[in-house]
Amino acid sequence: MGLLESPFNSLLCMLLGISFTVWFTLLLVFIVVPAIFGLSFGIRTLYMKVLLKVFEWATLRIERGAKEKKHLLYKPNTNGIIAKKPTSLEEELKEIRRNGSGRDLDGSSPTFAVSDIFYFCRRGVESIVDDEVTKRFTAEELESWNLLTRSNYNFQHISARLTALWGLGLLIRYCCLLPLRLTLAITGVTLLVVFTTIIGFLPNGRMKNFLSEKVHLMCYRICVRALTAIITYHHSENKPKNGGICVANHTSPIDVIILASDGCYAMVGQTHGGLMGIIQRSMVKACPHIWFERSEIKDRHLVAKRLSDHVEDKNKLPILIFPEGTCINNTSVMMFKKGSFEIASTIYPVAIKYDPRFGEAFWNSSKFGMVSYLLRMMSSWAIVCSVWYLPPMSRQEGEDAVQFANRVKAAIARQGGLVDLLWDGGLKRSKVKDTFKEEQQKLYSKILWDHNSSP
Amino acid sequence: MGSRASSLLREEDIEEIKKETGFSHSQITRLYSRFHSLDKGENGALSREDFQRIPELAINPLGDRIINAFFPEGEDQVNFRGFMRTLAHFRPVEDNEKNKDPNSGEPLNSRNNKLLFAFRLYDLDRDDKISRDELLQVLRMMVGVNISDEQLGSIADRTIQEADTNGDMSISFSEFIKVLEKVDVEQKMSIRFLH
């Protein structure tokens, strides 16, 4: 037995050794080297086109299967479940009263009508059926199926051929793509930590900045390939410059990688422990990022001071901030926190829109932790997104921070084709403030009051 | 998410709900998906907290009363059947023309049932009368702190005076119907559900 084992073992070792070498050479040539120089072979775009064709075929098969069995498919209606009437409180109450009571309305006493509750009642039930806020905190539903179990709603209509295709897809994703991507991710992160630490030993100056820029770009590009992210950048002439603040809508932690692989930014964030902490500490050696301790974040003046100090130094990189404060599902843009808009500097808005057909990029932090989220990302087909650099904006005369923030938000929403909402993203976890209800009550009281001319 | 939701709703259930409420198949599956997304505890029923999590409902002055309308007497959970039954009140009346079944009894979205729904928002103790106190409570919910007690009291008195025909200082359901006979209840208490 011993004699038979050893030649077999050495043959196995040799084969493993050769396949590893081939694997890594291919990796190096096709992925790492182009990443360093910012070039592309166009492999990913071809991959994307092939996938789209396959998804179309899969959706047609499901529809055909459903028709044969005479079942009705579940179709997410992108227009919503109901059609809402856009009338205001005042218009509706006037309408009801005009038709209803037949009394003269310009009398000298407040005209409350029993039918006034109809408006509130209907609006309340409408919001139970379909509201603007809660649906932003879960992933968007797709019209066509992309061969991922996680986004399929019509399981029972899959034919044998489709199941085979799905199985093949599973194999490709978990056995070929996932290991490849994990290797790349580990390479990227390791290189980042190692090189930034080395650069940290250099004296401050132009050489250090130049090298730091190159190293950051290279590592982020490797990470981009680790996610098979296919990104299209628009209007690169508007890219953020030193001394400015870059604001973007937030969908997932990957947003940072996507933006930072095309330009150099100073990151803002909380200090973490563990692996994130190591990465943060080494990054800050090469170029100044802004990391806050947890306790410091509550002190708004301290935060504002550090940001303005950074912005005033024209040698430092533009700051990257996500004013929503939390991840939103990329169908809308929610309230921008005014902190970053109070600082006197140019704002460079950026709109990021993901294509959900290839993989759901939204991080639902109540459902998935960071690690399982990243694994889901790396086992999707691809992350396809578009980035638009919008022209720089500054605060105008007589405009306060909140109005300025809303103006920037509207521009980003318009460019990305997203719904512009005034609601706070913090509603994901916290209750809405009572002041909004009080506003509604005030409005209604005013309508009653207008008809009341006696003191 | 979506996949689990539609697979938990069986075809027989959908048929029964269709008969009872008049919603179409696709409307029922989509509303089930919505029910499921509101059900954070994933136990097949909604609690009051699940409703209060909707910001637009939380800022509605009558939000709590509307939420109450979904829960049967003394219960804290509403299942999908109950949810659909309450929503059925808001179906537009024109949709009934397609399935005119004379034996099915009064549909949930008839004018009468819509008015009963609104009446129950006022009549908290379900004694089939809106007393002065109950009217004051609803008024206070709608105006907040912006109108004084005396003025609110006089508004309530005037309203009861105009509606009350049998002199018992409260509004019964038939008096309620009489007051609103000229109001287009079918339109004001209907939501346009898309097909």
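The sequence lines fix the lettering, A, B, ..., with proteins before strands; numbering per chain opens at 1. These numbers come from the heavy atoms of this one structure, side chains and all, not from hydrogens, waters or symmetry mates.
Proximity to chain A involves both the backbone and the side chain of B/Ile54, based on heavy atoms less than 4.5 angstrom apart. No part of B/Thr86 comes within reach of chain A, as not one of its non-hydrogen atoms sits under 4.5 angstrom from that chain. Interface residue A/Ile128: backbone and side-chain heavy atoms are both found under 4.5 Å from chain B. With a 4.5 Å cut-off on non-hydrogen atoms, B/Ser37 does not touch chain A at all.
The interface of residues 64-82 of chain B with chain A, defined by heavy-atom distances below 4.5 Å, comprises B/Ile66, B/Phe70. Heavy-atom neighbours of chain A within the stretch residues 123-135 of chain B, taken at a separation under 4.5 angstrom, comprise B/Leu135.
Between chain B and the options A/Leu443, A/Asp434, A/Val432, the largest number of non-hydrogen pairs under 4.5 Å is found for A/Val432. Residue with the most contacts toward chain A among B/His89, B/Gln52, B/Glu56: B/Glu56 (heavy-atom pairs, distance under 4.5 Å). Of the residues considered (A/Lys431, A/Glu132, A/Arg123), A/Glu132 shows the highest number of contacts with chain B, using heavy-atom pairs under 4.5 Å. The greatest number of non-hydrogen atom pairs below 4.5 Å with chain B, out of A/Thr435, A/Thr134, A/Val125, is found for A/Val125. The most heavy-atom pairs under 4.5 Å with chain B, out of A/Val114, A/Val133, A/Ile117, A/Leu427, come from A/Ile117.
One distance of note links CG of B/Leu180 with CE of B/Met189; it measures 10.0 Å at 0.5 Å rounding. For the atom pair OG1 (A/Thr326) and CH2 (A/Trp363), the distance works out to 8.5 Å, reported to the nearest 0.5 Å. We find the CG-CE distance between B/Leu136 and B/Met141 to be 13.0 Å, quoted to the nearest 0.5 Å. Interatomic distance, B/Ile59 CD1 to A/Lys437 NZ, rounded to the nearest 0.5 Å: 9.5 Å.
Side chain of A/Asn330 to main chain of A/Thr251: no donor-acceptor pair is present (N/O by atom type, distance under 3.5 Å, no hydrogens or angles). Side chain of B/Glu186 to main chain of B/Val93: no donor-acceptor pair is present (N/O by atom type, distance under 3.5 Å, no hydrogens or angles). Of the possible donor and acceptor atoms, none in the side chain of A/Tyr354 sits under 3.5 Å from a partner among the backbone N and O of A/Asn329.
Aromatic ring centres of A/Phe120 and A/Tyr444: separated by under 6.0 Å.
Between B/Phe176 and B/Tyr122, the ring planes are perpendicular. Angles over 60° get that label, and only those under 30° would be called parallel. Taking the six-membered ring where tryptophan is involved, the planes of B/Phe83 and B/Phe51 are tilted, since the angle between them lies from 30° to 60°.
Here the side chains of B/Leu57 and A/Asp131 are not in contact, with every heavy-atom distance at 4.5 Å or above. B/Leu116 places none of its side-chain heavy atoms less than 4.5 Å from the side chain of B/Asn112.
With sequence neighbours left out, the ring pair (Phe, Tyr, Trp, His ring centres under 6.0 Å) criterion links A/Phe368 to no other residue. Take B/Phe90 and apply the ring pair (Phe, Tyr, Trp, His ring centres under 6.0 Å) test, not counting sequence neighbours, and it matches B/Phe117.
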